[in-house]
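Inspection log for the structure reproduced underneath, given as structure tokens.
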Amino acid sequence: MKIGTIGTGVIVDRMIQAVNMTDHMSIEAVYSRSEQKACEYAKKHGVKKYYWNLDEMLNDPEIDTIYVASPNSLHYSQSKKAILAKKNVINEKPFTPTLKECIELFELAKENNVFIFEAITTIHLPNYALVKEHLKDCGELKFVQCNFSQYSSRYGKYKNHEQTNAFDPAFNGGALMDINVYCIHFVTGIFGKPESVSYIANRGYNGIDTSGILIMRYPGFIATCVGAKDSSSENHVYIQGDQGTIRVFGSSCGVCSHVEFIPPKKDMIGKKDVSNTLNIGIEQIMHMTYECAEFERITRLNDIEAYEKLCDQTRLVVSILEQCSKGE
Ligand SMILES: NC(=O)c1ccc[n+]([C@@H]2O[C@H](COP(=O)([O-])OP(=O)(O)OC[C@H]3O[C@@H](n4cnc5c(N)ncnc54)[C@H](OP(=O)(O)O)[C@@H]3O)[C@@H](O)[C@H]2O)c1
């Protein structure tokens with residue numbers, strides 16, 4: 001994959017780092033709206049080409065994939081442009097604000113013989129696979145609790161009434177879109193479509209959700225997803241059942257070297273009253289490398305089955321985001 005990037009925020013730095021750690025992928029060019037910024041950004045990362053006209057980058061025959069890391073409100077239009085230029089797309093989360101736009105992009109990609117992926121770390125992580133594998137050990141599930149709370153470096157600006165995309169409804173910002181989306185992926189990637197969904201938010205002066213709790217009802221259990229950009233917490237995922245609890249260390253988007261299995265009670269059905277750690281057997285490495293490797297593999301092998309599964313997952317998450325962003 002030869003990639004051209006859109007955006008010059010921190011996430012693009014991380015994507016470039018991840019791509020450089022992944023086989024068969026390289027950064028061919030970077031794009032910024034400003035010529036000077038594009039030039040400096042290319043220099044910073046040792047990338048040979050830079051563009052400040054998006055159409056020119058999309059017409060570059062040496063680029064086959066566009067990474068879209070612009071403000072959320074631009075994901076749809078820029079991805080669409082890239083598809084029409086016959087490029088594969090890696091589109092940052094949240095994929096699109098509406099399901100209609102999401103479906104349109106998938107259909108357009110098919111018509112143009114390219115792939116479009118949602119850049120979401122969670123469902124590609126090795127600890128996520130381990131959780132899935134050991135889910136049966138928990139018995140009858142009662143609760144899934146995710147908390148991803150990260151005090152945003154932009155929250156101070158927001159409180160001072162300065163413009164910031166991340167807290168602007170016009171840019172599709174907010175805690176649900178920016179941070180809770182990882183928790184939604186975590187839960188729905190394992191349990192699929194919930195029976196019902198509701199979202200209760202703390203809202204700022206412009207109506208944006210600076211934090212909130214999403215509640216998803218599944219047959220027999222309840223999932224709660226806390227996402228906050230206005231405060232911090234110890235981030236975690238707990239999956240609680242009557243035979244035990246699985247704990248994931250850290251947030252729903254990060255790689256951790258082990259997850260923990262906690263039996264509910266001493267001597268219960270032969271299980272020890274100590275926490276068992278389920279080791280992944282890896283050191284923590286750059287969390288975005290796993291999604292990159294999978295996108296590259298699917299594209300190279302034309303693995304339509306795996307691709308369709310990812311599309312289904314993205315469609316489900318976008319439909320939940322859209323439903324919740326319509327209000328309480
Ligand atoms: N920040 C993170 O840690 C993080 C983590 C995971 C995913 N993401 C996702 O990555 C995407 C980018 O996040 P971000 O925090 O970097 O966003 P951002 O700072 O709001 O904007 C990203 C880039 O888009 C360009 N841009 C800014 N305002 C614009 C506007 N009004 N019109 C057109 N382009 C504009 C800027 O690049 P130029 O000025 O160079 O053109 C900027 O670097 C989002 O979708 C976010 O959900 C972010």
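Given the structure is predicted, the values throughout are model-derived calculations rather than measurements. One is the number of the first residue; the rest follow in order along the sequence. Ligands are counted one by one from 1 in listed order, and the atoms in each one are counted from 1 as well. Only this structure's heavy atoms are used, side chains among them; waters, hydrogens and symmetry mates stay out.
- Given atom 24 (O) of ligand 1, the protein heavy atom at minimum distance is P71 CD, 3.2 Å.
- In this structure, atom 43 (O) of ligand 1 lies nearest to the protein heavy atom T8 N, 3.0 Å.
- Closest to atom 18 (P) of ligand 1 among all protein heavy atoms lies N165 ND2, 4.0 Å.
- No side-chain donor-acceptor contact under 3.5 Å links T96 and E101.
- Of the protein's non-hydrogen atoms, N72 OD1, 2.6 Å is the one closest to atom 45 (O) of ligand 1.
- By the 4.0 Å N-to-carboxylate-O rule, K80 lies close enough to E104 to be salt-bridged with it.
- In this structure, atom 1 (N) of ligand 1 is not in close contact with the protein, since no protein heavy atom lies within 4.0 Å of it.
- A 6.0 Å sphere centred on CD of E195 holds more than 12 heavy atoms belonging to other residues, nucleotides or ligands.
- Of the listed options R154, R33, E92, Q78, R154 places a heavy atom closest to atom 17 (O) of ligand 1.
- For atom 47 (O) of ligand 1, the nearest protein heavy atom (residue, atom name, distance) is K93 O, 2.8 Å.
- Selection from I11, T164, N172 by nearest heavy atom to atom 5 (C) of ligand 1 gives I11.
- Per-residue contacts place R14 under 4.0 angstrom from the following atoms of ligand 1 (heavy atoms of the residue considered): 3 (O).
- Residue contacts with ligand 1 for Y182 involve side-chain atoms from C-beta outward but no N, CA, C or O (heavy atoms, distance under 4.0 Å).
- In this structure, OG in S79 is found 10.5 Å from CD1 in I90, a value given to the nearest 0.5 Å.
- Of the charged side-chain nitrogens involved, at least one lies within less than 4.0 Å of a carboxylate oxygen, so that D312 and R315 count as a salt-bridged pair.
- Within ligand 1, counting atoms from 1 as listed, the ones closer than 4.0 Å to a heavy atom of G9 are 16 (O), 43 (O).
- Side chain of H75 to backbone of E92: a donor-acceptor contact under 3.5 angstrom is found.
- Against a heavy-atom cut-off of under 4.0 Å, A69 is close to the following atoms of ligand 1: 11 (C), 12 (C), 22 (C), 23 (C).
- Y51 places no side-chain N or O within 3.5 Å of a backbone atom of A38 that could act as its donor or acceptor partner.
- One finds a salt bridge joining K81 and D55 here, because a Lys/Arg side-chain nitrogen approaches an Asp/Glu carboxylate oxygen to under 4.0 Å.
- Between K37 and ligand 1, at least one pair of N/O atoms sits closer than 3.5 Å.
- Partner of D60 under the salt bridge (Lys or Arg N to Asp or Glu O under 4.0 Å) criterion, chosen from K49, K87, K2: K49.
- Using a 4.5 Å heavy-atom threshold, the side chains of D13 and Y41 count as touching.
- The side chain of L74, and not its backbone, has at least one atom closer than 4.0 Å to an atom of ligand 1 (non-hydrogen atoms only; side chain from C-beta on).
- Counting protein heavy atoms only, atom 11 (C) of ligand 1 is closest to S70 O, 3.3 Å.
- In summary, the atoms of ligand 1 found under 4.0 Å from a heavy atom of S32, numbered by their order in the structure, are 38 (P), 40 (O), 41 (O).
- Distance alone, capped at 3.5 Å, is enough to place a donor-acceptor pair between the N235 side chain and the S149 backbone.
- Atoms of ligand 1 found under 4.0 Å from any heavy atom of D178 (numbered from 1 in listed order, with element): 47 (O).
- Atoms of ligand 1 lying under 4.0 Å from at least one heavy atom of F171, given by number and element, are 31 (N).
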